[in-house]
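Take a look at the structure set out below.
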Number of protein chains: 2
Amino acid sequence: MLRISRLTDYGTLVLAHLPAREAELMSAAEVAAATGINLPTVSKLLKSLTKAKLVASGRGAQGGYRLARDAARISAAEIIDALEGPVSITECSATDSHCDLESVCSVGNAWQRINVAIRRALQEINLTELQRARAPVPRFELAGTPIHVERKG
Amino acid sequence: MLRISRLTDYGTLVLAHLPAREAELMSAAEVAAATGINLPTVSKLLKSLTKAKLVASGRGAQGGYRLARDAARISAAEIIDALEGPVSITECSATDSHCDLESVCSVGNAWQRINVAIRRALQEINLTELQRARAPVPRFELAGTPIHVERKG
DNA sequence: ATAAAAGAGGACTATTTTAGTCCTATTTGA
DNA sequence: TCAAATAGGACTAAAATAGTCCTCTTTTAT
Ligand code: FES
Ligand code: FES
């Protein structure tokens, strides 16, 4: 069902291996070695992430990449946006930016509202939580009924 | 990003037009006319939905389809499962697949838990809510912070 | 009986999306 | 000046999705 692409999964792994802000740069080749992902793919991912301002880069010899900001301030939603683009059934439902056709729009259906709801939840999950093997378990509440998600294993 | 396929969207529309349980059957051709979706596609959708036990069918002349149970007892998660299959949020975290990056990957499990959380939320949304033009807006709570999603328009 | 109306179940093609690779230009440090 | 890197695309390959079509079975009406 609602699936993120494999590249987004890889991208998260790449981000998890990058040095933090202020630390030294790490080259794409080093990231590829650390993650086990092929270099061309890592390179492509890092370029996309840099373009999205999630990663900062230094060019030339001794160049490389590092996180553009603290892992705690990089959300799952941002990672998805950077690597999959704000694609959705309709352009306006993809982002939080409000379309001024909303009031007269007939295609703003329930699925799109659900999509927005999920999206907002994803904005509350940051890279630090994604990195941790035992991150706090997300808990969703819907229509007054708390839904608790158990920790695995 | 996390998008549902077009067929799933169509499928929801088809379900919304089907007669309720105990009412008379409606043929695929009638559903196609009512929804504006091409007949072969409607037919395919109805077959998938029937196989998933979300709709009941009658064969032969005067045959057709109706909801297998009350709309309030058909969840969004079931509709997605019927039309897209029970795929996971990431390929790696699917139970039947084994990713060769697993040994170095620190994030697969986090995406999987997010997936479970989203699934559970989707199980709480039913067809009646999807049908309503102005359905109650889903509200998600994550890690103690309530996230309210405003009604559109 | 027979014919017609419908669904069941696949097979098939076409389209679109996604993944992965590669090439060339540019930047930087030694 | 050379070598190490990223930037930015172009390109191909692979996979998922959408859509169509064919044949078989079931049911009802004549
Ligand atoms: S066109 Fe913007 S809400 Fe539908
Ligand atoms: S388990 Fe496959 S990339 Fe994480």
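Throughout, protein chains are lettered first and strands after them, A, B, ... in sequence-line order, and every chain is numbered starting at 1. All heavy atoms count here, side chains included; hydrogens, waters and symmetry mates do not.
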Base of [N], side chain of [X] - is there a donor-acceptor contact under 3.5 Å?
| X | N | answer |
| --- | --- | --- |
| B:Lys47 | C:dG7 | no |
| A:Arg59 | C:dT28 | no |
| B:Lys44 | D:dG19 | yes |

Inset, instruction - For A:Ala28, answer base if it contacts any base atom (sugar-phosphate contacts may also be present), sugar-phosphate if it contacts only those atoms, and nothing otherwise; contact means non-hydrogen atoms under 4.0 Å. - result: sugar-phosphate
Inset, instruction - Name the nucleic acid region contacted by B:Thr50, choosing base, sugar-phosphate or nothing; use a 4.0 angstrom heavy-atom cut-off, strictly under. - result: sugar-phosphate
Separation of [X] atom [atom1] from [N] atom [atom2], in whole Å?
| X | N | atom1 | atom2 | result |
| --- | --- | --- | --- | --- |
| A:Leu7 | D:dA15 | CG | C1' | 13 Å |
| B:Leu83 | D:dA16 | CG | P | 18 Å |
| A:Arg6 | D:dA16 | CZ | P | 9 Å |
| B:Leu39 | D:dG19 | CG | P | 13 Å |
| B:Leu46 | C:dG9 | CG | P | 13 Å |
| A:Glu24 | C:dT28 | CD | P | 19 Å |
| A:Lys51 | D:dT6 | NZ | C1' | 14 Å |
| A:Leu25 | D:dA7 | CG | P | 11 Å |

Inset, instruction - Could you verify whether a donor N or O on one side chain and an acceptor N or O on the other, from B:Thr8 and B:Glu84, lie under 3.5 Å apart? - result: yes
Inset, instruction - Report the residue (A:Thr41 or A:Gly58) whose heavy-atom-nearest nucleotide on DNA chain C is the more 5′ of the two. - result: A:Thr41
Legend entry - Distance in Å, A:Ile74 CD1 paired with A:Glu129 CD, rounded so as to fall on 0.5 Å steps: 13.0 Å
Legend entry - Interatomic spacing from CG in B:Leu127 to CG in B:Leu54 - rounded to 0.5 Å: 8.5 Å
Within the structure, does a side-chain N or O atom of [X] lie under 4.0 Å from either OP1 or OP2 of [N]?
| X | N | answer |
| --- | --- | --- |
| B:Tyr65 | C:dA8 | yes |
| B:Ser27 | C:dG7 | no |
| A:Ser57 | D:dA5 | no |

Inset, instruction - Using modelled atom types only, decide if a donor and an acceptor are shared between the side chain of B:Thr35 and the backbone of B:Val31 within a distance under 3.5 Å. - result: yes
Legend entry - DNA chain D: 5'-proximal contact among B:Thr8 and A:Gly60 (nearest heavy atom): A:Gly60
Legend entry - More than 12 heavy atoms of other groups within 6.0 Å of B:Arg69 CZ: yes
Inset, instruction - Check every atom of D:dT28, D:dT20, C:dT21 against the side chain of A:Pro40 and return the nucleotide holding the closest atom. - result: C:dT21
